[in-house]
Amino acid sequence: MKLCRTLAFAALAGFVLAPTGARADDAPKPSRASKNLPELIIGSADSTYAVNQKDFELIAGQGYRWKITSKGGFEYKFVTDLFRNVWMDQIVIDDLEVHMDGGPAWLEFDDAGTIQVQFHTVRPGEYTWSVPDLAGKGLKGKITIK
């Protein structure tokens, strides 16, 4: 009988003293359907240095579609270490598809337009994106894969 009381007390103490924060199973789970990331717009009619969003959060194991658009008056060279750490599905430009066997070194916008990249996240971590020659003007950001 004493052993039963001791076990019951230990179980109750474990329940009461258990951590109350977010559990690992509360983390977002990837789905089978690809998700759209918010569009990244570089430049605007008002400023060639404008950017609509700098930071992005993704889930490991999830498929994504990401539109990257140039609206400014400069030639933009979009560089990110993310492309070396995902499984690249395809790049779409004006409904023309480029299927990949590895990631591109960079995306270059010689004129206004949109390039859509489709990929699956593989490695959790923190990655950067930038327009290298204009990073000092604010054309840079962070991509976090959890």
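What you are looking at is a predicted structure, and each value in this text was computed from that prediction instead of being measured. This chain uses plain numbering: 1 for the first residue, then up along the sequence.
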Within residues 130-139 or reaching into it, pairs that qualify as side-chain hydrogen bond (donor to acceptor under 3.5 Å, both in side chains) - sequence neighbours excluded: none
Between [atom1] of [X] and [atom2] of [Y], what distance do you get to the nearest 0.5 Å?
{"X": "Leu37", "Y": "Gln53", "atom1": "CG", "atom2": "CD", "result": "8.5 Å"}
{"X": "Lys54", "Y": "Lys140", "atom1": "NZ", "atom2": "NZ", "result": "7.0 Å"}
{"X": "His99", "Y": "Gln90", "atom1": "NE2", "atom2": "CD", "result": "4.5 Å"}
{"X": "Tyr127", "Y": "Arg84", "atom1": "OH", "atom2": "CZ", "result": "10.0 Å"}

Under the salt bridge (Lys or Arg N to Asp or Glu O under 4.0 Å) test, residues paired with Lys146 that sit two or more places apart: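 Once residues adjacent in sequence are excluded, the partners of Lys146 under the salt bridge (Lys or Arg N to Asp or Glu O under 4.0 Å) criterion are Glu57.
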Asn36 CG: over 12 foreign heavy atoms closer than 6.0 Å: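 For Asn36, atom CG is crowded (more than 12 foreign heavy atoms under 6.0 Å).
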Other residues, nucleotides, ligands: >12 heavy atoms within 6.0 Å of Asp111 CG: no
Evaluate the side-chain proximity of [Y] to [X]: yes if any heavy-atom separation is below 4.5 Å, no if none is.
{"X": "Thr114", "Y": "Ile68", "value": "no"}
{"X": "Trp129", "Y": "Asp81", "value": "no"}
{"X": "Asn52", "Y": "Leu40", "value": "yes"}
{"X": "Leu107", "Y": "Val117", "value": "yes"}
{"X": "Ile145", "Y": "Ile59", "value": "no"}
{"X": "Phe56", "Y": "Thr144", "value": "no"}
{"X": "Ile143", "Y": "Leu58", "value": "yes"}

Do the side chain of [X] and the main chain of [Y] share a donor and acceptor less than 3.5 angstrom apart?
{"X": "Thr80", "Y": "Thr128", "result": "yes"}
{"X": "Gln62", "Y": "Ala33", "result": "yes"}
{"X": "Arg65", "Y": "Ser34", "result": "yes"}
{"X": "Asp55", "Y": "Gly141", "result": "no"}
{"X": "Tyr76", "Y": "Thr48", "result": "yes"}

Check: Phe109 ring centroid to Phe74 ring centroid under 6.0 Å: no
Can you name the nearest heavy-atom pair linking [X] to [Y], along with the distance?
{"X": "Lys71", "Y": "Ile41", "answer": "CD-CG2, 3.8 Å"}
{"X": "Ile115", "Y": "Glu108", "answer": "CD1-O, 4.4 Å"}
{"X": "Ala50", "Y": "Ser44", "answer": "CB-OG, 3.7 Å"}
{"X": "Gly61", "Y": "Thr121", "answer": "N-OG1, 2.9 Å"}
{"X": "Lys67", "Y": "Gln116", "answer": "CE-OE1, 3.3 Å"}

Polar side chain donor-acceptor pair, Glu39 to Thr69, under 3.5 angstrom: yes
Side-chain donor-acceptor pair present, Asp89, His120, cut-off under 3.5 Å: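 A donor-acceptor contact under 3.5 Å links the two side chains.
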Shared hydrophobic cluster, Trp106 / Ile91 (ILVMFWY, side-chain heavy atoms < 4.5 Å): no
Parallel, tilted or perpendicular: rings of Phe78 and Trp66 (30°, 60°): perpendicular
